[in-house]
2 protein chains.
Amino acid sequence: MPAKLLHKPSPAYEELDPVVGALVDEVIGRVADKWTMLVLEVLETQGKLRFTRIAEAVPGISQKMLTQTLRQMERDGLVTRTIYPVIPPRVEYELTDMGKSLGEAFCGVWQWAEKNLKRIEKSRAKFDLRAARAIES
Amino acid sequence: MPAKLLHKPSPAYEELDPVVGALVDEVIGRVADKWTMLVLEVLETQGKLRFTRIAEAVPGISQKMLTQTLRQMERDGLVTRTIYPVIPPRVEYELTDMGKSLGEAFCGVWQWAEKNLKRIEKSRAKFDLRAARAIES
DNA sequence: CTGCATCCGAAATGATACTG
DNA sequence: CAGTATCATTTCGGATGCAG
């Protein structure tokens, strides 16, 4: 992989190969999903978990969205789903190697978010203040 | 951010500081947005650009979404917006230092996406095949 | 306990027309 | 050129009921 393509393929790259470019965008769209990121984070830090544990660990997620997110992640090969044929049912989810590697790739983003939280809030306050004054005048 | 929780417990960091935890989630939700990521990437690799150039470089984005995304990024302090009072209007967008640092944080995710594209496609094909067979039987 | 199916309102997005 | 405004459409997400 050339150093030039460390990031998303440039427009030139997409003109050469629009299909691959579109697919990369599609994958980014999938992976850059709020619930996917939060579930990924939980599974990365807490290891193998069952459905209800994940629901508890991801604040605000509904059962429907959790099921949907886990199915997508399973389809994409990010998690394994293990069903224990017992009563009551027991289903456990665990990151695959690919899932773990994605978690590591996102690590920098989490750090960035924590580190820059206050700066973002300040920026927003400033922006909103300027906007308010613009309306007055 | 969802308002209501269907369950009681929370992740470790939220128990320590629920407010900060919620804010980190909010920032992640914002930053882990498809269009934000794509625009960020374009500005990172191509530097200062005007509105139409960005639109051309981000395949599939609508004018509305580009405007919205750029406004949010400006509000969060990720980009600067420079207006040249000429006719026709000329507006240029450029990453701030904070925007650039976010771009670097996302670098690993881009690499991951390119690297694992084929593996994801294979996983999906396999999953869909199993699902199809499950329906038949 | 897990999680699918369905309904429904809310929110996000796209398409189009229009403006300084 | 760089938007804003509006409307149509799609998607999201919560609530509920039910099944294995």
Side-chain angles (χ1 to χ4, degrees), chain A residues 25-26 28-39 42-43 48-75 79-94 127 131 134-135, chain B residues 1-9 25-26 28-39 42-43 48-75 79-94 127 130-132 134-135 137:
Chain A
D25 283 3
E26 199 277 338
I28 289 293
R30 164 67 49 81
V31 143
D33 171 73
K34 182 190 172 184
W35 296 133
T36 301
M37 284 193 64
L38 294 174
V39 169
V42 167
L43 287 176
K48 190 187 296 182
L49 288 178
R50 41 194 309 190
F51 188 87
T52 306
R53 294 286 146 274
I54 304 176
E56 291 167 354
V58 179
I61 197 169
S62 69
Q63 186 192 52
K64 180 183 178 177
M65 283 301 106
L66 181 54
T67 298
Q68 202 173 97
T69 301
L70 287 170
R71 280 295 169 289
Q72 274 182 345
M73 293 176 76
E74 186 194 359
R75 179 169 181 260
V79 303
T80 58
R81 179 163 174 264
T82 310
I83 307 170
Y84 298 89
V86 296
I87 297 196
R90 178 187 188 85
V91 181
E92 290 187 336
Y93 296 89
E94 187 173 23
F127 183 93
I135 291 174
Chain B
M1 257 316 268
K4 193 177 166 188
L5 297 175
L6 305 172
H7 35 63
K8 356 162 192 183
D25 282 3
E26 199 276 338
I28 288 291
R30 164 68 49 81
V31 141
D33 171 71
K34 183 189 173 185
W35 297 133
T36 301
M37 283 190 65
L38 294 174
V39 169
V42 166
L43 287 176
K48 190 188 296 183
L49 288 178
R50 44 196 304 190
F51 188 87
T52 305
R53 295 285 147 273
I54 304 176
E56 290 167 355
V58 179
I61 197 169
S62 67
Q63 187 191 51
K64 180 178 177 179
M65 281 303 104
L66 181 54
T67 298
Q68 201 173 100
T69 301
L70 286 169
R71 281 293 173 290
Q72 274 182 344
M73 293 175 76
E74 187 195 359
R75 179 170 181 259
V79 302
T80 58
R81 179 165 175 262
T82 312
I83 307 171
Y84 299 87
V86 295
I87 296 190
R90 178 186 189 87
V91 181
E92 289 186 336
Y93 295 90
E94 187 173 22
F127 184 92
R130 275 205 306 272
I135 291 174
S137 66

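Below, chain A is the first sequence line, B the second, and so on; all start at residue 1.
Checking C:dT13, D:dT4, D:dC1 against the side-chain heavy atoms of B:Gln68 singles out C:dT13 as nearest. Nearest nucleotide to the A:Met65 side chain, out of D:dG13, C:dG3, D:dT4: D:dG13. Ranking C:dC1, C:dG14, D:dA15 by closeness to the A:Lys64 side chain, first place goes to D:dA15.
Tested against B:Leu66 for a side chain to side chain contact (heavy atoms under 4.5 Å, CB included), the candidates B:Phe51, B:Tyr93, B:Trp35 yield a single pass: B:Phe51.
In terms of modelled atom types and a separation under 3.5 Å, the side chain of A:Thr80 and the main chain of A:Glu94 share a donor-acceptor contact.
Note: A:Leu38 CG to A:Leu43 CG = 11.0 Å, rounded to the nearest 0.5 Å. The distance from the CE atom of B:Met73 to the CZ atom of B:Arg81 is 14.0 Å, given to the nearest 0.5 Å. Atoms NZ and CD1, on B:Lys34 and B:Ile61 in that order, are 9.0 Å from each other to the nearest 0.5 Å.
Rounded to whole angstrom, the span from the OH atom of B:Tyr84 across to the P atom of D:dA2 amounts to 12 Å. To the nearest angstrom, P of D:dC1 lies 7 Å from CZ of B:Arg53. Between the NZ atom of B:Lys34 and the C1' atom of C:dT13 there is a distance of 11 Å, given to the nearest Å. Atom CG in A:Leu66 sits about 15 Å away from atom C1' in D:dC12, given to the nearest Å. Between the P atom of C:dA11 and the CZ atom of B:Arg30 lies a distance of 16 Å, rounded to the nearest Å. Whole-Å rounding puts the B:Asp33 CG to D:dC12 C1' distance at 14 Å. Counting to the nearest Å, the P atom of C:dC1 and the CD atom of A:Glu92 are 15 Å from each other. Taking atom CD1 of residue B:Ile61 and atom P of nucleotide C:dA12, one finds them 16 Å apart after rounding to whole Å.
Residue A:Trp35 places none of its side-chain N or O atoms closer than 4.0 Å to OP1 or OP2 of D:dC12. Distances shorter than 4.0 Å separate some side-chain N or O of B:Tyr93 from OP1 or OP2 on D:dG3. Considering only side-chain N and O atoms, B:Ser62 lies nowhere under 4.0 angstrom from the phosphate OP1 or OP2 of C:dA15. In terms of phosphate contacts, B:Arg81 brings a side-chain nitrogen or oxygen within less than 4.0 Å of OP1 or OP2 of D:dG3. Contact annotation: A:Arg71 side-chain N/O to C:dC4 OP1/OP2 distance is under 4.0 Å.
Residue side chain A:Gln63 reaches the base of C:dC4 through a donor-acceptor N/O pair under 3.5 Å, judged by distance alone.
With DNA chain D read from its 5' end, the first of the two nearest nucleotides for B:Arg50 and B:Thr67 is the one closest to B:Arg50.
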